[in-house]
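Have a look at the structure below, then the notes.
Since this is a predicted model, take the numbers as computed values, not measurements. Because only heavy atoms are used, hydrogens play no part in the values below, and waters and symmetry mates are left out as well, while side chains stay in. As the structure lists them, so they are numbered: ligands from 1, and atoms in each ligand from 1.
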Amino acid sequence: MSGRKVLILGGTTEGAALATELVARQGERIDVISSFAGRIQGLRPPPGRIRIGGFGGAEGLAAYLTAERIDLLIDATHPFAAQMSRNAREAAARAGVPRLLFWRHPWPRHPLDRWIEVDSIDAAAQALVHLGPRVWLTVGASELAPFAAVPDRWYLVRLIEAKAPLPLPDCTVIEARGPFQLENERALIRHHRIDAIVSKASGGRATYAKIEAAREADLPVVMIRRPLPEPGDRVEDVAAAADWVAARL
Ligand code: NAP
C-alpha cells in the first residue's frame with residue numbers, strides 16, 4: 001500500500017460509513033485505518049484496515065501518528081467519548097497531523113417532546129425520582145450503577161452486548177444493535193409499559209426512533225446533555241468528511 005494514511009477514530013455508525021466511503025472513493029490511493037476501543041466483541045469491521053485498543057492517552061496517540069506516518073486524523077468517535085476526542089486534538093497538535101472532527105448534529109427538540117435535560121448520569125438518576133416506576137435506560141453498560149440507588153424502579157436496559165451481570169436489582173436486558181426502527185421502539189414502550197426513558201443527547205438517525213416513539217406516547221425523556229465538542233475543523237456528514245480528505249491528498 002503506497003497511498004497516504006488516514007486514521008479514523010471510530011466506534012460509531014458514521015466512522016464506519018466514512019471508512020466505506022473513503023475506500024470506495026479513493027481505492028488504493030489511501031490506506032484507511034479504523035481504530036476501535038475494543039469494548040465490543042462482535043465488531044463489524046468496516047472496509048480498510050482496523051486496529052483495536054487504546055493508544056495510551058494523547059501521548060501514546062501522538063507517538064502512534066508519528067510512528068505509523070499517519071497523514072490525516074479523523075475523530076469520528078461518539079459525541080460522549082470526550083476523553084478520546086480531547087486526546088485526538090492534543091495528539092494531532094503534537095504530531096503535526098491535520099485533524100477533522102466528525103460532529104453529529106444534535107437532535108432538535110420538538111415542541112411536543114417532554115424532555116428533562118440534565119448534565120450527567122447521576123443527575124439523570126436523580127430526575128427519575130419524580131417519574132413513573134418503569135424506566136427504559138438507553139445508556140452504556142458502564143453507566144448503570146447510579147440508577148440502582150433510585151428506590152422501587154424496574155428498568156428495561158438495551159445494550160449491544162451484556163457481558164457481566166448488571167448492577168440493577170430489578171431489570172430486563174435486551175441485546176440489540178441499531179439502527180432502530182420506529183415500530184420496534186413503539187412496540188417496546190407498549191409491551192413493557194414504559195413510564196420514562198433515559199437517553200444521552202447522542203444525535204444521529206440510528207437511535208432517534210425512540211425519541212419519536214416517546215413523543216407519540218407522551219412519555220418524559222430524561223435527556224443527558226452532551227459535552228462540548230473539541231474546537232477545530234469539523235463536518236456533519238460523510239460526504240463532507242470525504243471531501244476534506246480529498247482536498248488534502
Ligand atoms: P472515552 O471515554 O472518550 O475514551 C476512553 C479511552 O478509551 C480513551 O482514552 C482511549 O484509550 C480509548 N478509546 C476510546 N475510543 C477509542 C478508539 N476509537 N480507538 C482506540 N481507543 C479508544 O470513550 P468511551 O466513551 O469509553 O467510548 C469508547 C468507544 O465507544 C469510542 O470509540 C466511541 O466512539 C464508542 N461509543 C461511545 C459511546 C458513548 O456513549 N460514550 C456510545 C457509542 C459508541 P487510550 O487513552 O489508552 O488511548
Side-chain angles (χ1 to χ4, degrees), residues 5-19 32-46 48-68 70 72-92 94-95 97 99-104 106-107 118-122 124 137-147 157-163 175-180 197-208 210-211 222-230 234 238 241:
K5 287 187 175 176
V6 179
L7 177 65
I8 300 174
L9 302 172
T12 54
T13 314
E14 293 84 357
L18 179 58
V32 178
I33 305 163
S34 294
S35 174
F36 299 93
R39 312 266 160 78
I40 302 296
Q41 298 300 315
L43 182 72
R44 291 181 190 153
R49 290 199 280 145
I50 63 166
R51 67 158 299 288
I52 295 175
F55 296 92
E59 204 173 314
L61 177 56
Y64 177 92
L65 295 174
T66 304
E68 293 293 322
I70 300 294
L72 300 172
L73 176 64
I74 300 179
D75 174 6
T77 54
H78 190 271
F80 280 80
Q83 182 64 55
M84 190 69 241
S85 256
R86 190 159 50 249
N87 292 355
R89 177 178 54 73
E90 288 177 18
R94 275 191 216 189
V97 172
R99 172 189 58 99
L100 177 70
L101 175 66
F102 194 114
W103 192 69
R104 241 191 229 173
W107 295 319
V118 297
D119 284 321
S120 66
I121 293 279
D122 285 333
L137 295 180
T138 63
V139 298
S142 62
E143 299 163 319
L144 297 171
F147 296 98
V157 184
R158 181 166 66 193
L159 300 170
I160 294 178
E161 277 172 5
K163 283 184 255 186
E175 286 194 9
R177 191 185 291 247
F180 299 106
I197 297 177
V198 176
S199 173
K200 292 178 176 181
S202 300
R205 284 301 316 166
T207 58
Y208 186 59
K210 69 186 171 201
I211 305 300
V222 178
M223 187 66 82
I224 303 159
R225 291 190 190 98
R226 294 175 172 203
L228 287 174
E230 291 295 330
R234 73 183 191 196
V238 168

So for ligand 1, is [X] a polar contact partner (N or O within less than 3.5 Å, distance only)?
| X | value |
| --- | --- |
| Ala76 | no |
| Arg39 | yes |
| Arg51 | no |
| Thr77 | no |

**Asked** So is Arg51 actually on top of Phe55's ring, under 6.0 Å and inside 45° of the axis?
**Response**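 The answer is yes; both the distance and angle limits are met.
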**Message:** Using a 6.0 Å distance limit plus a 45 degree cone around the ring axis, check whether Arg225 lies over the aromatic ring of Trp107.
**Reply:** no
How close does the nearest protein non-hydrogen atom get to [atom], and which residue and atom is it?
| atom | value |
| --- | --- |
| atom 23 (O) of ligand 1 | Ala81 CB, 3.5 Å |
| atom 36 (N) of ligand 1 | His78 CB, 3.6 Å |
| atom 17 (C) of ligand 1 | Ala37 N, 3.6 Å |
| atom 10 (C) of ligand 1 | Met84 SD, 3.5 Å |
| atom 48 (O) of ligand 1 | Phe55 N, 2.6 Å |

Could you tell me, atom by atom, which parts of ligand 1 come under 4.0 Å of a heavy atom of [X]?
| X | value |
| --- | --- |
| Gly54 | 11 (O), 21 (N), 45 (P), 47 (O), 48 (O) |
| Lys200 | 39 (C), 40 (O), 41 (N) |
| Gly11 | 32 (O), 34 (O), 35 (C), 36 (N), 44 (C) |
| Ser35 | 17 (C), 18 (N), 19 (N), 20 (C) |
| Gly56 | 45 (P), 47 (O), 48 (O) |
| Gly57 | 45 (P), 46 (O), 47 (O), 48 (O) |
| Gly53 | 20 (C), 21 (N) |
| Gln83 | 1 (P), 2 (O), 3 (O), 4 (O), 9 (O) |

**Prompt:** Side chains of Ile224 and Asp119: closer than 4.5 Å at any heavy-atom pair?
**Reply:** no
**Asked** Taking C-beta and beyond as the side chain, do Val139 and Phe147 meet within less than 4.5 Å on heavy atoms?
**Response**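 Answer yes - side chains close enough.
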**Prompt:** With backbone taken as N, CA, C and O and side chain as the heavy atoms from C-beta onward, which portion of Asn87 lies under 4.0 Å from ligand 1: side chain, backbone, both, or neither?
**Reply:** side chain
**Request:** Just let me know how Ala82 lines up against ligand 1, side chain, backbone, both or neither, with a heavy-atom cut-off below 4.0 Å.
**Result:**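 Near ligand 1, Ala82 shows its backbone, while the atoms from C-beta on stay back.
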**Item:** Residues Lys200 and Glu143 bridged, charged N to O under 4.0 Å
**Value:** yes
**Request:** Say whether Gly10 and ligand 1 are in contact under the criterion: heavy-atom distance to a ligand atom below 4.0 Å.
**Result:**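 Checking ligand 1 against Gly10, which is what was asked, there is a heavy-atom contact under 4.0 Å.
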**Message:** Looking at ligand 1, would Leu61 count as a contact under a 4.0 Å heavy-atom criterion?
**Reply:**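 Heavy atoms of Leu61 never come under 4.0 Å of ligand 1.
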**Passing candidate, side chain to side chain contact (heavy atoms under 4.5 Å, CB included) with Asp75, options Leu101, Leu7, Ile8, Asn87** = Leu101
**Request:** Please say which of Pro106, Ser202, Ser199 ends up in a side chain to side chain contact (heavy atoms under 4.5 Å, CB included) with Met223.
**Result:**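 Considering Pro106, Ser202, Ser199, a side chain to side chain contact (heavy atoms under 4.5 Å, CB included) with Met223 is found only for Ser199.
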**Asked** So with a 6.0 Å cut-off around CD of Glu175, is the heavy-atom count from everything else above 12?
**Response** yes
Grab the two heavy atoms, one from [X] and one from [Y], that are nearest each other, plus how far apart they are.
| X | Y | answer |
| --- | --- | --- |
| His78 | Thr12 | N-CG2, 3.3 Å |
| Pro46 | Ser34 | CG-OG, 3.6 Å |
| Thr138 | Lys210 | OG1-NZ, 3.1 Å |

**Request:** Evaluate the criterion side-chain contact (heavy atoms from CB on, under 4.5 Å) for residue pair Val32 and Leu18; output intermediate values, then yes/no.
**Result:** CA-CA 10 Å; Val32 178; Leu18 179 58; over 6 Å; no
**Any protein heavy atom < 4.0 Å from atom 41 (N) of ligand 1** = yes
**Request:** Applying side-chain contact (heavy atoms from CB on, under 4.5 Å), run through Phe102 and Arg234 and close with a yes or a no.
**Result:** CA-CA 6 Å; Phe102 194 114; Arg234 73 183 191 196; over 6 Å; no
